[in-house]
Amino acid sequence: MIINCVAYEQGRKLADIAKTDISEYLRRPGCFVWVAIKDPEPDELLGMQEEFGLHELAVEDAMAGHQRPKVEEYGDSIFTVLKVPQLKGDEMEVGEVDLFVGKNYVLSVRHRTEPGFQAVRDRSESEPELLSVGSGFVFYALMDNVVDRYFPLVDALEVQLEAIEERIFADEKSARANIQDLYALKHKLMVMRHAVEPLIEVVHKLYGGRVPSICVGVQDYFRDIYDHLLRVSQQLDGLRDMVITAMSVNLAMINMGTGEVTKRLAAYAALVAVPTLIAGIYGMNFQHMPELKMEWGYPLALAIMVGIDTFLWTRFRKSGWL
């Protein structure tokens, strides 16, 4: 579905145009067309391929909608794939944005992602001196908008980690749930890394070395995107290390809890063992046993049992076993 189709000239918006008028504006010197499509049907992409002369391999990738983040050059045009992770409740869904950029056109294709790029369009139209650079600036603005969406996601994941860390020490009974939540968080971090890490490498060639002709004049802006990606990557590395540490701490707390239970069971077993031993000896019913015929033998045996258990109980309490 086509969301916007707008023609620009010398940094100014000319008009919202129909799809059938695209070729007319492409022939005008100093003019470029910016088209935005959301969840397109194959026929729509094939129509754009015919209008802009898009490479068939790039169109095939855009139709699939499940590509690795990348930047590829096809002659004088650039095809870019960007991943857009989104938190929806406790789940992280991954959308995709495909960008086709040529000298006189920009085509953005969104798959399974919200919001759109109206804010990018408004920003670009408010900076005519930069928009006059042409499609290269729009390319930067779109990519910058996608990368900026990563920061709130990383912050949200950090908040989730802090909440889990608080539960680790506040509620020992939730140890299993904590492990499950930490593994889920680790998976989300992995999804984020798969969106960010490939871009770090490919963005570098948009401002360093042999820069594509479309990006000439806006290299410094792409360097800024590169810096943002490095910041996100460093945050993700830090969160990953903290998640691993939290897992270790949680497992240590589980082991400590198990050790406490074991000590208490051992202490109670010792308290039961002493009277059991004495009662077992006197229960063997041998004929010649000391104190069997004494009137105070039975109370004495009970007193000995209570005395020893009292002593053991006192020692266990001081040791923290009970």
Return yes if a side-chain donor-acceptor contact under 3.5 Å exists between [X] and [Y], otherwise no.
{"X": "Y74", "Y": "E72", "value": "yes"}
{"X": "Y25", "Y": "E9", "value": "no"}
{"X": "S233", "Y": "E197", "value": "yes"}

Checklist line | Criterion side-chain contact (heavy atoms from CB on, under 4.5 Å) on Y105 and F32, from CA distance to verdict | finding: CA-CA 5 Å; Y105 67 86; F32 75 92; 5.7 Å; no

Roughly how far apart are [X] [atom1] and [Y] [atom2], rounded to 0.5 Å?
{"X": "R240", "Y": "L189", "atom1": "CZ", "atom2": "CG", "result": "9.0 Å"}
{"X": "H204", "Y": "L199", "atom1": "NE2", "atom2": "CG", "result": "14.0 Å"}
{"X": "K70", "Y": "D98", "atom1": "NZ", "atom2": "CG", "result": "8.5 Å"}
{"X": "Q67", "Y": "D61", "atom1": "CD", "atom2": "CG", "result": "4.0 Å"}
{"X": "R27", "Y": "N104", "atom1": "CZ", "atom2": "CG", "result": "11.0 Å"}
{"X": "D21", "Y": "E51", "atom1": "CG", "atom2": "CD", "result": "9.5 Å"}

Checklist line | Closest approach of A36 to R121 (non-hydrogen atoms, all atoms of both residues) | finding: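 Where A36 meets R121 most closely, the heavy atoms are CB-NH2, 4.0 Å.
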
Note to self: Quick check: closest heavy atoms across Q86 and T113, and the distance to 0.1 Å?
What the structure shows: NE2-CA, 3.5 Å

Checklist line | Working for ring pair (Phe, Tyr, Trp, His ring centres under 6.0 Å), residues F100 and F52 | finding: CA-CA 9 Å; F100 298 86; F52 298 123; 8.7 Å; no

Next item on the list: Can you spot which of H111, R110, R112, K83 makes a side-chain hydrogen bond (donor to acceptor under 3.5 Å, both in side chains) with E96?
Entry: K83

Item checked: Side-chain touch T80/F139, heavy atoms, less than 4.5 angstrom ->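 In contact.
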
Next item on the list: Determine whether S77 and L54 make a side-chain contact, defined as any pair of heavy atoms from C-beta on separated by less than 4.5 Å.
Entry: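 Heavy-atom side-chain distance check fails, nothing below 4.5 Å.
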
Item checked: Residues D144, R123: salt bridge by 4.0 Å N-O rule ->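 Judged by the 4.0 Å cut-off on N to carboxylate O distance, D144 and R123 do form a salt bridge.
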
Checklist line | Whether H228 and F151 hold their rings parallel, tilted or perpendicular, with breakpoints at 30° and 60° | finding: perpendicular

Check: Going by the angle between their ring planes, with limits at 30° and 60°, are F137 and Y221 parallel, tilted or perpendicular?
Finding: perpendicular

